[in-house]
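One structure below.
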Amino acid sequence: MTTILVTGGTGTLGRPVTARLRADGHEVRVLSRHREPYAVDLREGGSGLDTALAGVDTVVHCATTPRGGDERSAANLIAAARRAGVRHLAHISIVGVDRVPLGYYRSKLAVERLVVESGLGWTVLRTTQFHDLVVRVLGILAAAPVLVLPAHASDQPVEVAEVADRLAALAVGAPAGRVPDLGGPEVRTVESLARAYLGARGRRRAVVNVPLAGKTYRAFRAGGHLTPGHAVGRGTFEEYLAVRFGDGEGGRRG
């Protein structure tokens, strides 16, 4: 079986990717900043990264942070992968990184370009936002007595387990280049997602939609982060909420 290194293997996506690959019989090494035996900060690189990559056939690059440093991390990873003779670099990205001028998205697009120009066999999969992220953002917004939302905005959340299954399958295949996007099953208004979240948590909040300004908001409002033509995900937001929180008013959990 293939020896695979998963960067960010303790994260939201890296954990289920690792579990799927191991269930299929592959030897998987988990690289993260704090988990031995492959505790490596990709932004720094170094001999620990070379050790982690020794004998590896495929790298699944899930490590990322909105706090900056993704480009440096990718450059270090690619250089070490070249030295190790890695055959395949599979990278996860985000739908809209080439259409939405958000700083984090620009960084993700730059990483894509590094992967494409790496000289390695490569695969890039773009997905829409995970259900988990939508819930985290709504949880922060719902901490206030009034839940303020960006007006006229939509999202297309996807189940992370489905992304993990797709990315794991791509990783064990031949390098495929840029593959079709993976979007959630429904394009939803942000307000409808917020109201579903409030119901699942048994919370009551006034909901106010506020128009925003700027290029990034206009790009989100125009749907630059959506892929309705690739709404191939199956798990809905309500199904995710039911698993995570129970049955709303009657079953508040988590």
* Between the side chain of K215 and the main-chain N/O of V100, is any donor-acceptor distance below 3.5 Å? -> no
* To do: Evaluate side-chain contact (heavy atoms from CB on, under 4.5 Å) for R22 paired with V30, printing each intermediate quantity in order.
  => CA-CA 11 Å; R22 285 177 172 163; V30 171; 3.9 Å; yes
* **Same apolar cluster (I L V M F W Y, side chains within < 4.5 Å links), V124/V86** => yes
* What distance separates R201 CZ from L241 CG, expressed to the nearest 0.5 Å? -> 9.5 Å
* Do W122 and V172 sit in the same hydrophobic cluster, where Ile, Leu, Val, Met, Phe, Trp and Tyr count as joined when their side-chain heavy atoms come under 4.5 Å apart? -> no
* Minimal non-hydrogen separation, P157 against D155, with atom names -> CD-C, 3.5 Å
* Asked: Can you list the steps and then say if H61 with L77 is a side-chain contact (heavy atoms from CB on, under 4.5 Å)?
  -> CA-CA 9 Å; H61 187 34; L77 176 64; 3.5 Å; yes
* Taking the side chain as every heavy atom from C-beta outward, state whether L182 and H230 have any pair of such atoms under 4.5 Å apart. => no
* To the nearest 0.5 Å, tell me how far Y197 OH sits from L138 CG. => 7.0 Å
* **R205 (side chain) donor-acceptor with A142 (main chain) under 3.5 angstrom** => yes
* Answer yes or no: is there an ion pair linking R67 with D70, defined by an N-O contact shorter than 4.0 Å? => no
* Side chain of R99, backbone of G224: donor and acceptor closer than 3.5 Å? -> yes
* Using 30° and 60° as the class limits, which term best fits the ring planes of H131 and F237: parallel, tilted or perpendicular? -> tilted
* Tell me, do Y217 and P150 make a side-chain contact under 4.5 Å, heavy atoms counted? -> yes
* Quick check: does any side chain N or O of R221 sit under 3.5 Å from a backbone N or O of P211, one acting as donor and the other as acceptor? -> no
* Asked: When you check the gap from the basic side-chain N to the acidic O, do E238 and R188 get nearer than 4.0 Å?
  -> yes
* Residue pair L141 / V148: nearest heavy atoms and the distance that separates them -> CD1-O, 3.9 Å
* **Side chain proximity check, E159 to E239, heavy atoms < 4.5 angstrom** => no
* Asked: Taking D181 for the side chain and G183 for the main chain, is one N or O donor matched with an acceptor at less than 3.5 Å?
  -> no
* Asked: Donor-acceptor pair, T7 side chain versus A63 backbone, under 3.5 Å?
  -> yes
* To do: Could you tell me whether E117 and R113 have a side-chain N and a carboxylate O separated by less than 4.0 Å?
  => no
* Stepwise side chain to side chain donor-acceptor pair (under 3.5 Å) test for T64 and Y104 -> CA-CA 10 Å; T64 185; Y104 179 55; 2.6 Å; yes
* Structure fact -> To the nearest 0.5 Å, atom OG1 of T12 lies from atom CG of L133 at 9.0 Å
* **same_hphob_cluster(V6, V40) at 4.5 Å side-chain heavy-atom cutoff** => no
* Pair E112 + R126: basic N to acidic O under 4.0 Å -> yes
* Asked: Should E27 and I4 be marked as a side-chain contact (heavy atoms from CB on, under 4.5 Å) after you check the CA-CA gap, both sets of side-chain angles, and the distance that decides it?
  -> CA-CA 6 Å; E27 178 187 341; I4 300 172; over 6 Å; no
* **T227 side chain near T127 side chain, heavy-atom distance below 4.5 Å** => no
* Structure fact -> One should read off an interatomic distance between R72 CZ and S107 OG, to the nearest 0.5 angstrom, of 10.0 Å
* To do: For side chain to side chain donor-acceptor pair (under 3.5 Å), just list the numbers for E191 and N209, CA-CA rounded to whole Å, side-chain angles, deciding distance to a tenth of an Å, and then say yes or no.
  => CA-CA 8 Å; E191 181 175 350; N209 291 284; 2.8 Å; yes
* Asked: Counting only heavy atoms not in R35, do more than 12 sit closer than 6.0 Å to its CZ atom?
  -> no
* Asked: side chain to side chain contact (heavy atoms under 4.5 Å, CB included) with S154: which of L226, L193, V190?
  -> L226
* **D24/R20 salt bridge by N-O under 4.0 Å criterion** => yes
* Test side-chain contact (heavy atoms from CB on, under 4.5 Å) on V135 and D132 and set out the steps. => CA-CA 5 Å; V135 163; D132 310 63; 5.9 Å; no
* Asked: Quick one: are Q129 and I94 in side-chain contact, heavy atoms under 4.5 Å?
  -> yes
* Asked: For residues T123 and H88, is any side-chain donor paired with an opposing acceptor at under 3.5 Å?
  -> yes
* Close side-chain approach of E44 to N76, heavy-atom, < 4.5 Å -> no
* Is I78 reachable from L125 through a run of I, L, V, M, F, W or Y residues, each pair having side-chain heavy atoms under 4.5 Å apart? -> no
* N/O donor-acceptor pair under 3.5 Å between T128 side chain and G184 backbone -> yes
* To do: Could you state whether V137 and V208 fall into the same hydrophobic cluster, counting links through intermediate Ile, Leu, Val, Met, Phe, Trp or Tyr residues with side-chain heavy atoms under 4.5 angstrom apart?
  => no
* Reported OG-to-CD distance for the pair S192 and E186, which is rounded to 0.5 angstrom -> 8.0 Å
* To do: Without swapping roles, check the side chain of E162 against the backbone of R234 for a donor-acceptor pair under 3.5 Å.
  => yes
* Would you indicate whether the side-chain heavy atoms of V60 and L5 approach each other to under 4.5 Å? => no
* Taking the side chain as every heavy atom from C-beta outward, state whether L149 and V207 have any atom pair closer than 4.5 Å. => yes
